[in-house]
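What follows is a short report on a single structure.
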Amino acid sequence: MDKHVMIEKARALVEKIEDLPTIPAVATQVLQLIDQPDVQIEEVADLMLTDQVMTARVMKMINSPVYKPEHEVTSLKRALIFLGLRHIREIALTTSFIGAFESDKGALDISSFWEHSFGVGMVSKIIAKKIGYADLENAYIAGIIHDLGEVFLSNFMRDEFQTVLDSIQGKPIKLLDAELEYFGTTHAEIGLCMAQKWNFPPLYCEVIALHHSPDQAMVDPVLCAIVNLADLFCGVRGLNYGDREWVSFNLSEEEGWQILKKQSPALADLDVERFCYELDDAIPDVKELVNSIFKSES
Ligand SMILES: [Fe+2]
Ligand SMILES: [Fe+2]
């Protein structure tokens, strides 16, 4: 189907929803502040403290297995110093993304959604490191937000999406294909429309739109390919929306793999099986992270 038609259909669906969540203003301000030269950690801390929910989440994330501090970090300022400015961008974006979609009323189970998202984020970061991709934080963020459109379908088109989910249960049909057949568009185009509404940088918009077709990417095909493969990997390793989706892939046939091999020729000699074990090691951390962020919040 024509991509433009799919995007127009997605835009119509997104425009229909009046109470679409927004990214908190503080997150946007934090991101702008971090980009300024000579920014002081104190300034960032003061700004973040104006948003209690974000502060609480930062504290939880910093004490989670992903960042592994030696001792529990109890003050926001100390947390920010420990993280450094680059990680603050990552935290501000991801915590506000979580905040926008906390509802437990969607068709997808929210914690398996976050397990998938953070799983893809962490695996993206590991792949990025392996191939020498310059910005590991970008890979992590892009992984976390790649399925933005699924949350939209789950929360705002609950019944229709439930029908789609039920229709593929136990069948070898990809969720993406089922969405296209039912809605005439998919979570990739819907996510793109939301990301544009939220003024996400073009880099992230592209990953959201093309993580299932990285060969079409123009802005950063390598990043799209990283997230594409991380997504497939998490799909076959149980971080797949509680087994909702059927996933099967053969690495050597994937477009994403071809793109990465061009970027990093050394990958041709990679022991794929061993690398998969390396990725497997990240999975318990993902589960613990999601647990630590959401426990005692519901
Ligand atoms: Fe997806
Ligand atoms: Fe995904």
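Numbering of ligands and ligand atoms starts at 1, following listing order. Just so we're clear, the structure is a prediction, and the values are computed from it rather than from any experiment.
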For a quick check under 3.5 Å, do His146 and His116 share a side-chain donor-acceptor pair by atom type?
yes

To the nearest 10°, how many degrees is the angle His146 NE2 to the Fe ion (ligand 2) to Asp231 OD1?
90°

For a quick check under 3.5 Å, do Glu160 and Thr163 share a side-chain donor-acceptor pair by atom type?
no

Salt bridge (Lys or Arg N to Asp or Glu O under 4.0 Å) between Lys3 and Glu189, intermediate numbers included:
CA-CA 8 Å; Lys3 198 92 183 159; Glu189 291 75 28; 2.9 Å; yes

Have a look at Asp147 and say which of its N, O or S atoms is nearest the Fe ion (ligand 1).
OD1

Got an N, O or S from Cys234 under 2.8 Å of the Fe ion (ligand 2)?
no

His212, N/O/S atom nearest the Fe ion (ligand 1):
NE2

Donor-acceptor contact below 3.5 Å, side chain Glu115 vs main chain Lys287
no

